[in-house]
2 protein chains.
Amino acid sequence: MKAEAEQKEGGTAPADSARPDTKEVILDAAERLFAEKSYASVSLRELTAAAGVNLAAVNYHFGSKDALLVAVFRRGAVALNRERARLLREAEERAGGGTPPLREIVEALIAPAIRYSFTSNRLALYNQFVAFARGDGPPEAREMLDKDVGHLQRFVLPLARALPHLPQQEVYWRLHFVMGVQHSLYTDMKRLETLSGGQCHLDNLPAVTARVVDFVVAGLEAPHRVV
Amino acid sequence: MKAEAEQKEGGTAPADSARPDTKEVILDAAERLFAEKSYASVSLRELTAAAGVNLAAVNYHFGSKDALLVAVFRRGAVALNRERARLLREAEERAGGGTPPLREIVEALIAPAIRYSFTSNRLALYNQFVAFARGDGPPEAREMLDKDVGHLQRFVLPLARALPHLPQQEVYWRLHFVMGVQHSLYTDMKRLETLSGGQCHLDNLPAVTARVVDFVVAGLEAPHRVV
DNA sequence: GGTTGACGCAAACACTTGTTTGAAACTAGC
DNA sequence: GCTAGTTTCAAACAAGTGTTTGCGTCAACC
């Protein structure tokens with residue numbers, strides 16, 4: 001028997017053969033189901049049935065249901081933050097040491113998330129994970145959230161430089177708002193469809209991205225009012 | 001015995017004596033716990049213990065746990081939409097038949113929600129309820145969501161008039177974004193606090209409201225780019 | 001060819017879940 | 001003081017939960 005939930009993490013798990021790769025199949029099913037329904041409402045029996053694996057597979061490969069949720073979140077967060085960092089770095093290189101245009105910074109922040117959501121709507125999982133981590137979840141979960149915020153921190157300085165009219169505190173607040181728009185973009189697209197009488201739906205990815213970027217860039221650039 | 005979950009709804013339940021008023025106590029506890037943790041993760045035993053009532057009280061007064069969630073959501077939605085409608089009507093009266101200023105429309109839309117969240121952070125419940133209604137929830141839940149969107153519809157025309165540079169479709173999209181900012185304002189304030197190193201927290205209500213309104217008004221007013 | 005370790009599988013485990021029951025306690029109305 | 005209707009309560013119910021167990025299977029290695 002193998003010890004519970006060991007991480008080999010040595011790269012991206014080559015998957016040399018056409019074998020189903022149980023661990024990854026479980027992660028995929030969990031990501032989808034947890035986002036569609038909710039973590040607590042999805043039973044391991046339902047999950048493993050959807051994934052086409054045995055009931056005991058989750059506890060064997062991940063150790064527990066809680067650990068599976070953490071693993072799901074980690075996989076998504078790593079991919080997302082890696083892509084964000086790459087885009088931001090490229091923008092900074094294009095700027096040649098100066099401050100990149102605000103629009104490019106914002107695109108580096110939210111384009112990966114929107115792209116990711118087109119296939120996996122993982123964003124719907126974020127709020128759930130926050131509640132889980134602050135509630136009965138293991139301490140690991142809270143640490144992961146903090147690490148995720150750490151990656152976000154990478155964007156503060158560029159944003160502050162691109163928004164010289166704002167005090168630092170306001171930059172934090174508005175970054176918070178931007179993340180809000182991003183997170184609830186897909187959590188209920190049904191509302192947008194109902195609201196617009198079917199006029200608005202998820203057309204192509206660049207169009208949606210442009211719409212969101214237009215909105216939040218204008219919000220970020222809003223003048224600062226002393227309250 | 002009383003039939004399950006009858007609605008007397010005749011006003012606001014006078015509560016003439018100092019009796020705990022079981023039904024309301026349960027709603028309060030459920031609103032708080034469902035928002036803090038999640039609907040599925042809170043057991044009726046935990047909930048009734050927190051509310052200081054007997055375990056069977058939920059099934060007696062509401063019929064089932066599902067029906068309780070619907071009741072919680074309904075109470076909040078009714079209060080919120082009533083207040084929104086009142087503020088919008090007042091703004092329209094001030095405008096004397098013309099179009100109210102964009103800022104006042106936006107304030108009518110989001111100020112009640114922010115005010116409400118200061119005491120009950122019900123907004124964290126919205127996303128959960130959406131997932132519940134689309135998933136295993138009873139058809140009642142879905143109807144309630146649609147009715148909620150109906151109330152939102154009330155804001156479309158005023159917004160469209162105040163934003164003549166936008167085609168109707170864009171108004172829908174941006175209204176969707178505004179709701180996004182509103183909903184994830186409080187869902188994880190912890191992130192904002194961590195991100196800002198404790199600089200940003202929930203100070204007074206008017207300051208937070210002003211910040212949000214500044215942001216979304218600028219976003220709404222952003223020029224329309226043809227994509 | 002035999003042995004070792006990793007993995008899949010069906011069955012069972014101990015426990016919690018939402019819900020129901022039947023009787024007790026309480027509150028008016030006459 | 002009695003009765004009828006409403007609400008509370010402890011106890012039990014059946015069903016579902018996450019987890020563990022023990023054995024079977026397969027591939028790799030000396």
Selection from [options] that lies nearest to any side-chain heavy atom of [X]:
| X | options | answer |
| --- | --- | --- |
| A:Asn59 | D:dA12, D:dT6, D:dT20 | D:dT20 |
| B:Asn54 | D:dT20, D:dA10, C:dA6 | D:dA10 |
| B:Ser64 | D:dT19, C:dT19, D:dC9 | C:dT19 |
| B:Ala56 | D:dT21, D:dT19, C:dT21 | C:dT21 |

How close or far is atom [atom2] of [N] from atom [atom1] of [X], stated in whole angstroms?
| X | N | atom1 | atom2 | result |
| --- | --- | --- | --- | --- |
| A:Phe62 | D:dT19 | CZ | C1' | 16 Å |
| B:Leu55 | C:dT19 | CG | P | 10 Å |
| B:Tyr60 | C:dG18 | OH | C1' | 19 Å |
| B:Lys65 | C:dT16 | NZ | P | 15 Å |

Distance test, side-chain N/O of B:His61 to OP1/OP2 of D:dT8, below 4.0 Å =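 Result: yes.
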Side-chain N or O of A:Thr22 closer than 4.0 Å to phosphate OP1/OP2 of C:dC7 =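 It does not, given that no N or O in the side chain of A:Thr22 lies less than 4.0 Å from OP1 or OP2 of C:dC7.
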Could you pull out all donor-acceptor pairs under 3.5 Å where a side-chain atom in residues 45-53 of chain A meets a protein atom, sequence neighbours excluded?
residue : atom : partner : partner atom : Å
A:Glu46 : OE2  : A:Lys37 : NZ           : 2.9
A:Thr48 : OG1  : A:Leu44 : O            : 2.7
A:Thr48 : OG1  : A:Arg45 : O            : 3.3

inquiry  = Which residues pass the side chain to side chain donor-acceptor pair (under 3.5 Å) test with B:Asp146, not counting sequence neighbours?
reply    =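 Scan of B:Asp146 (side chain to side chain donor-acceptor pair (under 3.5 Å), adjacent residues dropped) gives none.
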query = What residues in residues 40-50 of chain A put a non-hydrogen atom under 4.0 Å from any atom of DNA chain D?
reply = A:Val42, A:Ser43, A:Leu44, A:Arg45
inquiry  = Using only atom types and a distance under 3.5 Å, with no angle test, would you say the side chain of B:Gln182 pairs donor to acceptor with the backbone of B:Ile114?
reply    = no
message = Please list all pairs meeting ring-ring contact (aromatic ring centres under 6.0 Å, His included) that have one or both residues in residues 26-54 of chain A, counting only residues at least two apart or in different chains.
response = A:Phe34-A:Tyr39, A:Tyr39-A:Phe132
request  = Hey, could you give me each pair passing salt bridge (charged side-chain N to carboxylate O under 4.0 Å, His left out) that has a residue in residues 60-73 of chain B? Not counting sequence neighbours.
outcome  =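 For residues 60-73 of chain B, and leaving out neighbouring residues, there are no salt bridge (charged side-chain N to carboxylate O under 4.0 Å, His left out) pairs at all.
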inquiry  = Restricting to salt bridge (charged side-chain N to carboxylate O under 4.0 Å, His left out), what partner residues turn up for A:Arg115, sequence neighbours left out?
reply    =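 So A:Arg115 forms a salt bridge (charged side-chain N to carboxylate O under 4.0 Å, His left out) with A:Glu83.
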